[in-house]
Every structure is written in structure tokens, then in C-alpha cells.
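Beneath this line is the structure, given in C-alpha cells, with notes to follow.
The analysis underlying the following values was restricted to heavy atoms, covering all of them including side chains, and did not include hydrogens, waters or symmetry mates. Chain letters run A, B, ... following the sequence lines, proteins first and then strands; every chain starts at 1.
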6 protein chains.
Amino acid sequence: MEKLFVEKEIKYIGDQLRPHWIYENFHILGDAIVAFIGEVDVKLDEMVDIEDVINNEPIYSKSMLNFIIEQFDIDLTAMVLAQRLFISIIKEVLEGYGVAVLRKGDDLFYDGRKLSVSIATKSITSCLIHTGLNIIKEGAPISASDLSEMGIKNIKEFANRIMDKYRQEFESVKLATYKVRGRA
Amino acid sequence: MEKLFVEKEIKYIGDQLRPHWIYENFHILGDAIVAFIGEVDVKLDEMVDIEDVINNEPIYSKSMLNFIIEQFDIDLTAMVLAQRLFISIIKEVLEGYGVAVLRKGDDLFYDGRKLSVSIATKSITSCLIHTGLNIIKEGAPISASDLSEMGIKNIKEFANRIMDKYRQEFESVKLATYKVRGRA
Amino acid sequence: MEKLFVEKEIKYIGDQLRPHWIYENFHILGDAIVAFIGEVDVKLDEMVDIEDVINNEPIYSKSMLNFIIEQFDIDLTAMVLAQRLFISIIKEVLEGYGVAVLRKGDDLFYDGRKLSVSIATKSITSCLIHTGLNIIKEGAPISASDLSEMGIKNIKEFANRIMDKYRQEFESVKLATYKVRGRA
Amino acid sequence: MEKLFVEKEIKYIGDQLRPHWIYENFHILGDAIVAFIGEVDVKLDEMVDIEDVINNEPIYSKSMLNFIIEQFDIDLTAMVLAQRLFISIIKEVLEGYGVAVLRKGDDLFYDGRKLSVSIATKSITSCLIHTGLNIIKEGAPISASDLSEMGIKNIKEFANRIMDKYRQEFESVKLATYKVRGRA
Amino acid sequence: MEKLFVEKEIKYIGDQLRPHWIYENFHILGDAIVAFIGEVDVKLDEMVDIEDVINNEPIYSKSMLNFIIEQFDIDLTAMVLAQRLFISIIKEVLEGYGVAVLRKGDDLFYDGRKLSVSIATKSITSCLIHTGLNIIKEGAPISASDLSEMGIKNIKEFANRIMDKYRQEFESVKLATYKVRGRA
Amino acid sequence: MEKLFVEKEIKYIGDQLRPHWIYENFHILGDAIVAFIGEVDVKLDEMVDIEDVINNEPIYSKSMLNFIIEQFDIDLTAMVLAQRLFISIIKEVLEGYGVAVLRKGDDLFYDGRKLSVSIATKSITSCLIHTGLNIIKEGAPISASDLSEMGIKNIKEFANRIMDKYRQEFESVKLATYKVRGRA
């Protein structure tokens, strides 16, 4: 799995959560994780989370650290499990900064306030994850927390730690599937 | 997913990590998680982790809290991801007790000492996980930690919290696969 | 699997056979079966059955009892098998009313005249079935039979019997996959 | 799918429900359905139905019409659905003889008495079904019915009708998966 | 698998590489291979090969022998393997004409010059291959070779040999999956 | 995919075609291809090719170049396609030595005489291929050819060329599945 921290800001409007967005934009072919900073503004008709559509809850945040993951050869149940593990990894990396957060499913909470948005979905040829972490909470539509109040200032370094840990984890998950004897 | 805490002690020798061990012994059919306390003594020829076989590392612990999970309709990659998430959940439950541990893949460490063993495997019809947490560390072959030094005394309550959290997590994972629009 | 009999009439034009139509309209998440009464008017460009498109056979019926089933974690071959079983179940429920019909694949015939239309298809995240049974046969383009001539007057009760039997059947099918030993 | 009615009697003891039993004995390669007449005597340790093992219910019948089906490229959920459809087909063929039976899951009942046994399972490379219909009920361990009391005398012709209808049904199921447009 | 050589010329613009193009146009249902002669002019927005899109490489050839293959019950990895084998088969058929070519992945080279284009992709319900072989090389955008310089004049016979060999190969591949014992 | 040419001779008796034989013996975890030289003597009860068992055709050769391939995350149809492609690659490598052979399915013929044996099978967690090429033909039970009569003397170099080409091919196959847009 390749990784990339994109230096320029990108406004996330939801349509980036599509197959080959990474390949088309950054020429990374195959399993990949990309991070970038940018405003998040997902209108209802770009949302893949139909629960949010039903509840009429578009997503807005002035500045988020965004991750897009695309993986092939994986089904949606595994991808949602991978997403939950990815959220656990963010929690663990934050612990390395001395910050304690609470994970509930695919959400992270700091001081009872929501830090993150996340969704996993499936295309014809791959599965995809978007996760966003508030950098600055103003403008977010719900009671929110953000990375700046936790003292995370070097966002790039923080993002790279998360991406490296996820890549190692997924590599180790695959090795774990190779090393076991099946039980007849 | 059904759960059961088995009141009587069971010595875990590895052959319980087989399809339908739960069904045959506790008459729970389908996806299930079972916990029990007991000595753990897995000889090389019962091990499914071939890495341990190659390294000639049988498993022994005088008293462990053991979990056996059997799930159907899941492939091995998803099951290993579920196992990692299960280990994260144990970490999170320990945090609820005020105990901080470190997760590395499918291992938990307390004070730099290993608390757990875990493996996930596949049968013809299902996938299976065994996870053991030292209750008393004496006799374990490597530098170990245990639940008793963390002050976890009510093992049954601890086990039930873990099992409940895992069941809720997996239920929520499945719902997450149902609520998203695919991307053409 | 949840079930719902929708009290208000809905005109079925084919575009309801899409992923999450049930979730978006009735807020039932996951595997579900929904029944409703309504005119059926499926033009060629909404048809998923390409055989009918090739044969230039749009579907029209003035009033049908319609079923929409959406299931996740199932492939198309299994869904077509489930559809055939669903048609068998309708036949069996009709026998409970003292009415004998003949099943040929996914069609039901009464007195040699066609009672039903049915199709199963696949989306990126799920599989779907539509089945329609004529309530009043006038206006149907082929030699048809209908429920009213069989004396089925309480359509809601009839629909609920079918939906309950299908849900029980599918539940029992899953249990049957859990209870068997694989053969090495 | 090839079919074969085996002229000589074969005692069914359960171990015939294994991959390639048909290929090894009758040199039919690939998807196949075979019928034969014989005593049925399945001891607990040959049973794949663990529910029967738990309930200590071995199977015995002095003379049954047995079907073994092996299919490749199919998963266990689809195979259990196919089994239920196979049981529906037996019911429909019996209707052609003027005999009314009741289907409950994978069982058939005549006059409230059980006519059949059936199980579906999975091997590493295929799925398998065994279905047995009592020809003579004496010696069967439960309240039973049989084909002779229904006036079915030409067992071979009866078996061939069932096998032909199943083969046509499965062929038509596959065609139904090929003819539909997917829904994005 | 059915085959068809289409007598009339068809201009290939890329949109023929879609599910059921064969069924809708030639009324062949299920796995099929079709060959036709025609100009090839695939603009960037019809290309499924995103590598070519990124490299801004549309495809043009004045006259190609085109093959479209659609297969169901196959995943994309298997379909790409089948595509490579299909290219090997073209090479082998050319050897039967006394013509030596070099295969590199899904490309064929004659005298160091490229003879072919090929791509495999996936739809919701099937997988698809397009392969084109230059008949006349003029107008092709890269250094090219063609069938006419190899002395292949009866294109229909050549196409039929290839299609027959591929169908036999795939049939034999399926039989090979049925004849082997799994290893526990 | 890792590769290894084993310097010491190994007698191939068929039981090496099992999951993790490579991992247990050479400590290579995951997808791998291994080559070794040795006598081949596969008795009927170690054969996975039931066709050979039925035909009572054990395999014997005094000295063969053997390849064992184990791959995870692949189904049996894809593995048989990979096997055929592997055989094509051996043919292409031989062409590089100026030797022309004929491929029929998974067999290679030189001068009308058989050079190879090959089989692909499936375990609970992986798929496996064995391919053997006669080095010295004496003692082979059928009309055979061998590498020595083709002038292939440096068997290790020959084996490494084949293994390298297969690894590159499979890597390129996976990339080909990542680069294409799905067709809704």
C-alpha cells in the first residue's frame, strides 16, 4: 500500500470518494492511502451514507485532515472492519501525543465532543474509506472538537504516523492470513 | 451473535479452536463468542500458527481468560481484521478500568510485558478466533503481564463487557455495510 | 429480515427495484421484504430483464400485489434461487387457501393463465427481487389470472402470510448453513 | 449437470456425501445428480448434521430413494437454497402423480408423517446434497410415510422426473443470472 | 460458451465493452465470444484503461479484428488471467500459420512492432475483454504490425480458430477445477 | 511473490503439494514459487488428480525440474488459469532457448512427446500448483521428452528465468485489475 501526504489544500466535496480518484490525481496505482488538508463540504446528493441523507445531515467543516483509502481485493465487510481499525489507529497515535480520545464505532470523541467523520463504501472494482478529523472546529455543524485544541500542530507528521501505522497494520493482517493452518 | 460466559473451568489445549466446538458443547448455533477461564497448554502439533511451530514456541499459561469466537459468512481477511478490532476492544475495556495497555497487531502489552495470545483461522464453513489473557502470569514462557496485577478481579464481569462490546461492534459493522450507496 | 406491508398504494414503474429504495422510503435498514398494492407499468427503459427488452415486452397490470426484497451478503445465483423459493412459497400459501397453481421457474399459473411477474437482480452492494401478482387482471397484456378470481380478498393478510413464511424460510436456510460439518 | 439413475442398490451410510464420490464411482465429472435405491443407515460419527448428533438421532430406513447432488462454483447458502428448491420440486413432481405433500424447510410430510431426510454441506472444492425418500417405511425411527403408500411404484421413472426437473431448474436459474441488468 | 463471427463490419468505439452488448445485439445469452472486423476509434472518455487516460493515449486503428468476450461467474483477477491466456492462444494460432510473435503481458509484438490492444474489465454482473488485432496498420498511432503483412488473409477462419481454441481452453479449465481433490 | 531455487535435491512424492509446505521448509511466508530437482514418484493415494486415480496412472520420472507454487487470495478457477499461463511461460522461455514446444492445456509436448506433468488444487486457505519437467526421460511411464535432449543444461538458470517471468506476469495481472474502470 502506497501512501501520500498531499501538500496543497483540497476542498473535499464527497465526489473524491470514487474509484481511481487517487490514481487519476496522484498516479498511484493499487492499494493506497492519501492525506490532505481542506475544507469539507459534502452536500446531500454527494453523500454515500444514506443514514445521513435520511436525517438530512450534510457535512461541513472549515478545515479537516482528510484521508482517502482505496483498496482492491477486499469486500465491504472487511473494509468496514478495516475502517474501524483505522479509527482505532488514529486513537492510538493520539495516545502517543498524550491525548486520550474515545472511539464509538467509526467516530472519535474528545472531551465528549466529536472529532471525526468517516464512511466506507464499495465500487465495482474496489472499496473506499473517507475519514476527516477537524483541524479547526469552527463552522462544524455539531458540537465538535479539533486537533488544534489537542496541541497537534504538525498535521503532516501526524498524518504520516497514522498512514504508516495503517499500512503496517494491513500488511501484518495479510501475513496473519498466510501463516495459519486451516481447520478441516 | 450469541455470547456465553462458561462458569466451569476448561483447560485450553488448542483443539477447541475448531468448527462447531461452541455448538457441540454449548448448543449455540451460528455466530457466537464464548469466554472461559482455564489453564492454557497448546503443544506444537495442535497449533494453527505455523510461525510458532517454526519457532518451536508452544503456548503455556497457568490461568487465562479465554475467548473463542466462531463466525460464518466471513472470509479470513475480514476475520483477522475482526480479531485486531477485538484486541482494540479489550484495550478499550481495560481503559474503562483505568488500565493503559499498548496494542501491537494482535498482542497487548502492559508495562512492556505481554498480556495476551491470539490467533484467527478458517475452517471449511467458518472462521475462528482464540484469544487468551493471562489471569496469573506465573508459568508463562515469556516475560508476561496479567490481569491480576491490573486489579481486574471480577473476571466474569470483565469478560462480559468485552463480549458485549464486540457483539455491538460487529452488529454495527454489518449495519454500516447496509447503509451506504455503492459508487459506480 | 424486516417486513412491511405498505398501506398506501404505490404505482410500480420499475425504478423502485434499486438499492436502498426500502431504506430511503420506509427507514428499514438491511435485509427486508416490503409489500404494497398498485398499478404496474414498467416501460422498456426501466426493465432489468433484458430478455423482455429484446422481446419488446413492457409490463402492465392495473392492480398488483407487489413485493420488493432487498438482501445483502448474498450473490446473484443465491438470490435467483431465493426468488424461485419465494415463488414456491406463494404457491404453498395459495394451497393454504385451497387454491392450486403451477410453478414454472419464476412464474405462477392458475388454470393455465399467468398470475405473476418476477425478476431478481444485483446492485453494487445488494441483491433485489420484484414479484407482482395480479389482483385484477384487466389490462394485463397477456392471458392472465388474478387473485380476485381465486377468492383472495384480504390482500394484506395474504401478503403477510407470504412475507412471514419467506422470512422464516430464509432464517432457517442460514441456520442450515451453520449446523453442518464441512467435508474435507 | 449430468444425471444418473444407478440400477444396482447401494446402502447409504453417509460417507457417500463426500467430494468426488460421484466422479470416482460413476465417472461423471462436474455438476451431477445421481439417484439410487438402498437401505439408509447413517451412524452418528458419519453425520454432517451436528443438530442430529447433538440430539443423538442417527438415521435409519430400510429402503429409500436416495439422491446425491454435487455442484461446483456454488457457496453453501446457495446450495441450501438449491436444496429447498429441490424439495419443492419433489413436492411438485408428487403433485403430478396426484399426491399432495407439505414442505417444511427441507422436510416433506404426507398425512402429517415424515417422508424424507435431507442435508446440504460443503467441501473444500464443492457443495453436496443428500436427500432420501422412504420407499418402505418400516424400520424408520420416527413416524414416517413412504412412496409405496402413495402408489409410486416405478421408482426409476419418478427419480428421473425429479432429476430432470432439477437440472432444468438449475439451468434456468443460471440463465436468469445472465439476463439481468445490474443496478448501479 | 457460445461464439459468433459477425459478418458485417462494426466500428468499435469502446462502448461495446459493456454488459449484455452481445446479448442485446446477437441474442446470445451467457458466456460468449464474438469477433468482428472494423475501424477502432476509442476516445479518452470511453476508455476503461485509466493508464491510457492518464497518458492521454486514445486508440485508433483503421481496421482491426476485434474480439469481445463476456463471462459470468468469474472475478476480475481470473478474467485478467483468462485474457493473458487468450493472448497466448492468439500467439499459438499464429504459430500454426508459421508466424512467430512475442507476448508481453496482454500485448503481442511482431518484428518488435505492436500488433494488438487488449483490456479486461468488470461490470456489476460479469467480466469483459476486448482484444483488437491490426488487419491494416496504417493510421495506428504507434509503431505497429498487422495481420496482412503476416499473410493472414482469411480473417474469419483465423478468428474462428482463435475462438474455438479459447472455448475449448476455458471448458478444460473448468473441468480441471472439478477433477481435483482439495487438500485439508 | 517470493521465489527460491532449492539447491539440494528433493524427491517429490506428492505430499509436498500441501498448504505451507514452502513456509515450513523454506520459511517463505505468503505467495511463493519454489523450484527443485528430484525424482518424482507419486503413488495413487497421494494424487489429487482424481482423473489419474480413476485411470490408475501414477506418476514416475527419474529426474524432474519441479515447481511448487502456493498463492493466497485466489480461487481455484483463477489458479487453474494461472497454471495454464505458467505453462505458456515455460513454452515462451523455451523459445528463448530456441526450442519450440506445443502446449495443450496444462501439458507441453516436444516432438510430439510429453515433457511435463502439472496439477492445480485448493486448500482451505490457499491454492497450489505442481509442475514437473523431465530432465532425464528414462523411467517415465509414457512416451516422453526431456530438457536434456533440448540442450538445457543449466537447470537452475532455466528455472530462475521461468520463476522470474511468472512473478512479473502475476504482478502485472494484479496491476491490470487495479487500473480499469468498472462498467455499471
Given heavy-atom pairs under 4.5 angstrom as the criterion, report whether the side chain, backbone, both or neither of [X] touches chain A.
X	result
A120(B)	backbone
K174(B)	side chain
K122(B)	backbone
S88(B)	side chain
D52(B)	neither

* **Leading residue by heavy atom contact count with chain A [cutoff under 4.5 Å; candidates I74(B), I124(B), L85(B), D75(B)]** => L85(B)
* Asked: Looking only at heavy atoms, what is the nearest atom pair of V173(A) and T77(B), with distance?
  -> CG1-O, 4.2 Å
* Asked: Can you name the closest pair of heavy atoms from T121(A) and G182(B) and give their distance?
  -> OG1-CA, 3.9 Å
* Asked: chain B heavy atoms under 4.5 Å from I119(A): which part of the residue, side chain, backbone, both or neither?
  -> side chain
* Structure fact -> The interface call for M79(A) against chain B, heavy-atom contacts under 4.5 Å, is neither
* Do R84(B) and S172(A) have side-chain atoms, one donor and one acceptor, less than 3.5 Å apart? -> yes
* Under a 4.5 Å cut-off applied to non-hydrogen side-chain atoms, are L76(A) and V180(B) in contact? -> yes
* Report yes if the side chains of R181(B) and I50(A) come closer than 4.5 Å at any heavy-atom pair, otherwise no. => yes
* **Separation between CZ of R183(A) and CG of D15(B), rounded to the nearest 0.5 Å** => 7.0 Å
* **Any pair counted as side chain to side chain donor-acceptor pair (under 3.5 Å), so long as it reaches residues 92-102 of chain B, sequence neighbours left out** => K91(A)-E95(B), R103(A)-E92(B), K91(B)-E95(B), E92(B)-K165(B)
Would you list the atom pairs, donor with acceptor, under 3.5 Å between side chains in residues 20-29 of chain A and any protein atom, with sequence neighbours excluded?
| residue | atom | partner | partner atom | Å |
| --- | --- | --- | --- | --- |
| H20(A) | NE2 | Y178(F) | O | 2.6 |
| E24(A) | OE1 | R18(A) | NH2 | 3.4 |
| N25(A) | ND2 | W21(A) | O | 2.8 |

* Taking every heavy-atom pair that is under 4.5 Å apart, which of A100(A), S126(A), A184(A) has the most such pairs with chain B? -> A184(A)
